[in-house]
There are 2 protein chains.
Amino acid sequence: MVQSKTDLFDEELKTQAAWFKVLAHPARLKILQYLSEANSCITGDLSEELPLGRTTVNQHIKELKEAGLIQGHIEGVRTKYCLNPEKITEVKSIIEQFLSGLNVGDYECK
Amino acid sequence: MVQSKTDLFDEELKTQAAWFKVLAHPARLKILQYLSEANSCITGDLSEELPLGRTTVNQHIKELKEAGLIQGHIEGVRTKYCLNPEKITEVKSIIEQFLSGLNVGDYECK
DNA sequence: TCAATTTGACGTATATTTGCGTCCAAATAA
DNA sequence: TTATTTGGACGCAAATATACGTCAAATTGA
């Protein structure tokens, strides 16, 4: 019997792991990076920036949207995307929280 | 220069995404956290700390070992595991590098 | 109105991850 | 020696992720 057992871990670890997973694909990192560098919404085909088909890119966009990291605004027949600064800040904080817990400054292997 | 800037850039994204992926499972986060909190090598059965079977935990340990984040030392019939502080520091730096690139301080959605 | 454009929804095929059972080698205890 | 403990190697099956083709709705221009 093979099942997903992730719900057996405590909430904090699950949340942290889930955020790492959202960021665990170069296409999604690239989209975030692009939107950040544009410092604005961009219209239309993000897929031209990536070595992937349009629908695949859309899939990644959808994941980022569902995670709340980006927002889409419909403008006529097009859609503008932009980062959600609040959520980005939140994620940074959550990840930072985990990483800072790995205190290796005085780590000793005994 | 053998590679174009674009290629180097993509390599960087792939590396960053790969590290996020290593951390994208609560079991692996838990293992790292446990080793960190123990502030030492621990001997033997980490699976008692996790809601997973021994072989499954071993699988996650193997991934962390292959990623270089932890080290195993054989002691007779047992194995001691400990964090690899250098690698942990390196990963922190790589992740920090990506996150700090998402500069939302003056982000404007135009 | 009608055709073209844009983009999301849906389905599908493939690849990868996850969880675990089984077996085996090495060290140790009896 | 033999039995036991420990943990890695291997392989299987289910779950999930990835990539993309197709289709339909909405908007816009002719």
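If you're wondering where the values come from, they're calculated on a predicted model, not measured in any experiment. Every chain is numbered from 1, with letters handed out A, B, ... down the list of sequences.
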Participant: Tell me the interatomic distance from B:Phe20, atom CZ, to C:dT16, atom P, rounded to whole angstroms.
Facilitator: 21 Å
Participant: Can you classify the ring geometry of A:Phe98 versus A:Phe20 as parallel (below 30°), tilted (30 to 60°) or perpendicular (above 60°)?
Facilitator: perpendicular
Participant: I'd like to know if the side chain of B:Thr15 and the backbone of B:Glu11 have a donor-acceptor N/O pair within less than 3.5 Å.
Facilitator: yes
Participant: Grab the CG-P distance between B:Leu64 and C:dT17 for me, whole Å please.
Facilitator: 14 Å
Participant: Would you mind reading off the distance between A:Arg78 atom CZ and C:dT6 atom P, rounded to a whole angstrom?
Facilitator: 5 Å
Participant: Between C:dG19, C:dT7, D:dA9, which nucleotide has the shortest distance from any of its atoms to the side chain of A:Thr79?
Facilitator: C:dT7
Participant: Please determine, for the side chain of A:His60, which listed nucleotide (D:dG7, C:dT6, D:dA19) has the closest atom?
Facilitator: D:dA19
Participant: Taking the nucleotide of DNA chain D with the nearest heavy atom to each, does B:Lys62 or A:Gln59 sit closer to the 5' end?
Facilitator: B:Lys62
Participant: Measure from CG on A:Asn58 to P on D:dT22 and round the result to the nearest Å.
Facilitator: 17 Å
Participant: What about B:Arg54, does its side chain sit under 3.5 Å from the base of C:dG21 through a donor-acceptor pair?
Facilitator: no
Participant: Using whole Å, what does the distance between atom P of nucleotide C:dT5 and atom CD of A:Glu48 come to?
Facilitator: 14 Å
Participant: Which nucleotide in the set D:dT18, C:dG19, D:dG7 lies at the smallest distance from any side-chain heavy atom of B:Leu52?
Facilitator: C:dG19
Participant: Taking N or O atoms only and anything under 3.5 Å, show me the protein contacts with nucleotides 26-30 of chain D, one pair per line.
Facilitator:
none

Participant: Can you check whether A:Tyr81 has a side-chain N or O nearer than 4.0 Å to OP1 or OP2 of C:dT6?
Facilitator: no
Participant: Separation of B:His73 atom NE2 from D:dT6 atom C1', in whole Å?
Facilitator: 18 Å
Participant: For A:Leu83, is there any backbone N or O sitting under 3.5 Å from a side-chain donor or acceptor partner on A:Ser36?
Facilitator: no
Participant: Record whether the side chain of B:Thr55 comes under 3.5 Å of the base of C:dG21 through a donor-acceptor pair of N or O atoms.
Facilitator: yes
Participant: Within the side chain of A:Lys80, is there an N or O that forms a donor-acceptor pair under 3.5 Å with the backbone of A:Glu75?
Facilitator: no
Participant: Taking the side chain from A:Thr89 and the backbone from A:Pro85, do they hold a donor-acceptor pair closer than 3.5 Å?
Facilitator: yes
Participant: Treating B:Arg28 as the side-chain partner and B:Leu64 as the backbone partner, does any N or O pair qualify as donor plus acceptor under 3.5 Å?
Facilitator: no
Participant: Separation of B:His25 atom NE2 from D:dT16 atom P, in whole Å?
Facilitator: 11 Å
Participant: Under 4.0 Å between a side-chain N or O of B:Lys21 and OP1 or OP2 of C:dT17?
Facilitator: yes
Participant: Going by the rule side-chain contact (heavy atoms from CB on, under 4.5 Å), which residues pair with A:Lys21 if we only count those two or more places apart in sequence or in a different chain?
Facilitator: B:Ala24
Participant: Given atom CG of B:Leu29 and atom C1' of C:dT18, what is their separation to the nearest angstrom?
Facilitator: 15 Å
Participant: Any side-chain N or O of A:Thr56 less than 4.0 Å from the OP1 or OP2 oxygen of D:dT18?
Facilitator: no
